[in-house]
Amino acid sequence: MEFKLSATEGGTRARAGVLYTSHGIIETPVFMPVGTAGTVKGVHTRDLKEDVRARIILGNTYHLYLRPGIEILESAGGLHKFNGWDGPILTDSGGYQVFSLGDIRKLNEEGVQFQSHIDGSYHLFTPEKVIDIQRTIGADIMMAFDECTPGDAEQSYAKKSLDLTQRWLERCFNQFSKTEPKYGHNQSLFPIIQGSSYANLRKLATEHVKKYDADGYAIGGLSVGEPENVMYEMTEVVTADLPENKPRYLMGVGTPVNILESIERGIDMFDCVMPTRNGRNGMLFTSKGIINIRNKKWENNHNPIDSNGRSFVDHYSLAYLRHLIISNEMLGAQIASQHNLAFYLWLVDTARKKITEGNFKSWKEDMVKQLKIRL
RNA sequence: GGGGAGAUACCGAAGCGGUCAAACGGGGCAGACUGUAAAUCUGUUGGCAAUGCCUUCGGAGGUUCGAAUCCUCCUCUCCCCA
């Protein structure tokens, strides 16, 4: 995998680049729709590609391992064949589930024992196993197995957690070098920088991951309960020390404002469930601000969802979408998800364009104001 | 014509002498959601000058210190038999 910077903007750390993968090129900054269980919920791959214009999507190791199971994925010929998405795929390692599954998992040096949220059965994830599973899934970008440390962790715990993540990283890279891709395309492994809300730990973590000379670097453990300004501070601390010639991925972030602020701080890649999950729950992101489509005020508004939107679903009316969401009609969730994703991709595409033109910063300032408005 | 059951807030439905402005569902209204245990979850839902007051449980009377709850009459609905 190769990454080339194509433009930077003076006075900021914003960058535009191109990431070359076996399944196609990815222009950055990029937003990657989350497809946990092998599907970006409610959106067809054709629409993802042609309408949303997604360049890469996510899958999740933990969820795919539990269902459909790696045997099925292997016999399908990998996730690309299984779900029909022929573009690049990034898989999260299950590290986030170490965080989000809270009380149904146990963590020790060897790895994490999970209790399946589906049937309660016990499963052990180790760094080695997680690499093996991601080999079988066939992800273009695999993520290291980490502990996603909560944003409000005590420094002593954050340090202990970071140390564990670092020992696991060593084991991930060992297993990575001992194994081969299964389907004839290249796979990369990205380390994840932890350190909770402590700048000194984040710096240590950044120095540590650089030793692996990976194809890209991820920042994890942000947007997990810490204040927004802390998230930006931590991002700055890390991007200051990362190599310029490798992509930086800020995991799980975020709101449209978070994304613009983080692009300014030198991030190239993002993913977040927000456009799909919040979309299903009635929240629309637009270039004019945020809409809660369930609110009564949209009941009789027959204007398009987003007159500036570039998705074909944007011509549906606000009143119609409200009706669908209120009635729990599945088309409502589909339209809202597709609209939001198309908006997110428009946002990063436009950011890229502005960086290339050298006027990102001023555009960003205006957009941030607009994006915070509740319509 | 005879016998029986019932009428509770926007809807359905508990409650059957005080702790009832009234459980629980649904619907309505609003909020949350950041590497997806989420088409989920939370709050609220008689009125008001609101740590209190006012009006409410089909209608009108009555019993009682006190009634959605007991009694009388009326109105309406449903079921069974002719």
Side-chain angles (χ1 to χ4, degrees), chain A residues 31-43 56-64 66-67 89-105 114-120 130 134 139 141-151 165 190-194 218-228 231-232 235 249-259 261-262 267 269-285 290 292-299 322 324-337 340 344 374:
Chain A
F31 178 80
M32 309 183 281
V34 178
T36 307
T39 159
V40 175
K41 295 186 193 298
V43 186
I56 170 173
I57 64 172
L58 261 66
N60 183 278
T61 302
Y62 166 83
H63 290 273
L64 292 168
L66 287 182
R67 250 183 347 204
I89 293 176
L90 180 151
T91 42
D92 185 32
S93 60
Y96 188 74
Q97 280 63 43
V98 177
F99 164 76
S100 68
L101 262 41
D103 49 354
I104 54 171
R105 54 76 170 160
F114 286 107
Q115 205 171 349
S116 163
H117 67 280
I118 300 163
D119 63 6
V130 161
Q134 293 183 95
I141 300 173
M142 319 194 297
M143 299 307 299
F145 193 48
D146 66 332
E147 183 191 1
C148 179
T149 318
T165 289
F190 283 19
I192 301 172
I193 295 162
Q194 290 291 339
I219 307 173
L222 289 179
S223 63
V224 285
E226 78 288 359
E228 244 175 32
M231 173 172 90
Y232 296 141
T235 302
Y249 164 29
L250 180 54
M251 304 183 78
V253 174
T255 65
V257 171
N258 291 160
I259 287 174
E261 295 290 0
S262 303
I267 300 295
M269 304 165 71
F270 300 90
D271 79 283
C272 191
V273 304
M274 211 173 250
T276 44
R277 182 195 284 167
N278 289 29
R280 286 196 301 281
N281 294 332
M283 188 174 196
L284 304 179
F285 298 98
I290 296 167
N292 182 349
I293 198 63
R294 292 182 313 176
N295 287 172
K296 192 174 183 64
K297 60 185 161 193
W298 307 114
E299 186 175 44
R322 178 177 193 273
L324 294 176
I325 294 278
I326 290 278
S327 311
N328 205 23
E329 284 291 336
M330 57 179 124
L331 183 60
Q334 293 173 2
I335 291 172
S337 299
N340 280 345
Y344 267 61
R374 297 228 162 210

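Convention: sequence-line order gives letters A, B, ...; per-chain numbering from 1.
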From [atom1] of [X] over to [atom2] of [N], roughly how many Å is that when rounded to an integer?
X: M274(A); N: rU40(B); atom1: CE; atom2: C1'; answer: 15 Å
X: I259(A); N: rG35(B); atom1: CD1; atom2: P; answer: 11 Å
X: N258(A); N: rC33(B); atom1: CG; atom2: C1'; answer: 13 Å
X: N295(A); N: rG28(B); atom1: CG; atom2: P; answer: 13 Å

Base rU36(B) to side chain T276(A), donor-acceptor N/O within 3.5 Å cut-off: yes
R294(A) (side chain) and rG31(B) (base): donor-acceptor pair under 3.5 Å: yes
Would you indicate what [X] reaches in the nucleic acid, counting non-hydrogen atoms under 4.0 angstrom: base, sugar-phosphate, or nothing?
X: G221(A); answer: base
X: D271(A); answer: sugar-phosphate
X: S100(A); answer: base
X: E299(A); answer: nothing
X: D146(A); answer: base

Go through [options] for me and flag the one nearest to the [X] side chain.
X: N328(A); options: rG35(B), rA30(B), rA39(B); result: rA39(B)
X: I326(A); options: rA39(B), rG31(B), rC29(B); result: rC29(B)
X: H117(A); options: rU34(B), rU36(B), rA38(B); result: rA38(B)
X: C148(A); options: rA39(B), rC33(B), rG35(B); result: rG35(B)

Check whether any side-chain nitrogen or oxygen of [X] sits under 4.0 Å from OP1 or OP2 of [N], and answer yes or no.
X: S223(A); N: rU34(B); result: no
X: N60(A); N: rU36(B); result: yes
X: R374(A); N: rA30(B); result: no
X: N281(A); N: rA38(B); result: no
X: Q97(A); N: rU36(B); result: yes
X: T255(A); N: rU34(B); result: no
X: R277(A); N: rA39(B); result: no
X: N278(A); N: rA38(B); result: no

Please report the closest heavy-atom contact between [X] and [Y], naming both atoms and the distance.
X: A218(A); Y: M143(A); answer: CB-CE, 3.4 Å
X: E147(A); Y: Q194(A); answer: O-CD, 3.3 Å
X: L250(A); Y: S262(A); answer: CD2-OG, 3.4 Å

I192(A) vs E329(A), nearer the 5' end of RNA chain B by closest nucleotide: I192(A)
Straight-line distance of T235(A) OG1 to E261(A) CD, nearest 0.5 Å: 10.5 Å
To the nearest 0.5 angstrom, please state how far the OG1 atom of T91(A) sits from the CD1 atom of I57(A). 11.0 Å
Ring centre gap for H63(A) and Y96(A) strictly below 6.0 Å: no
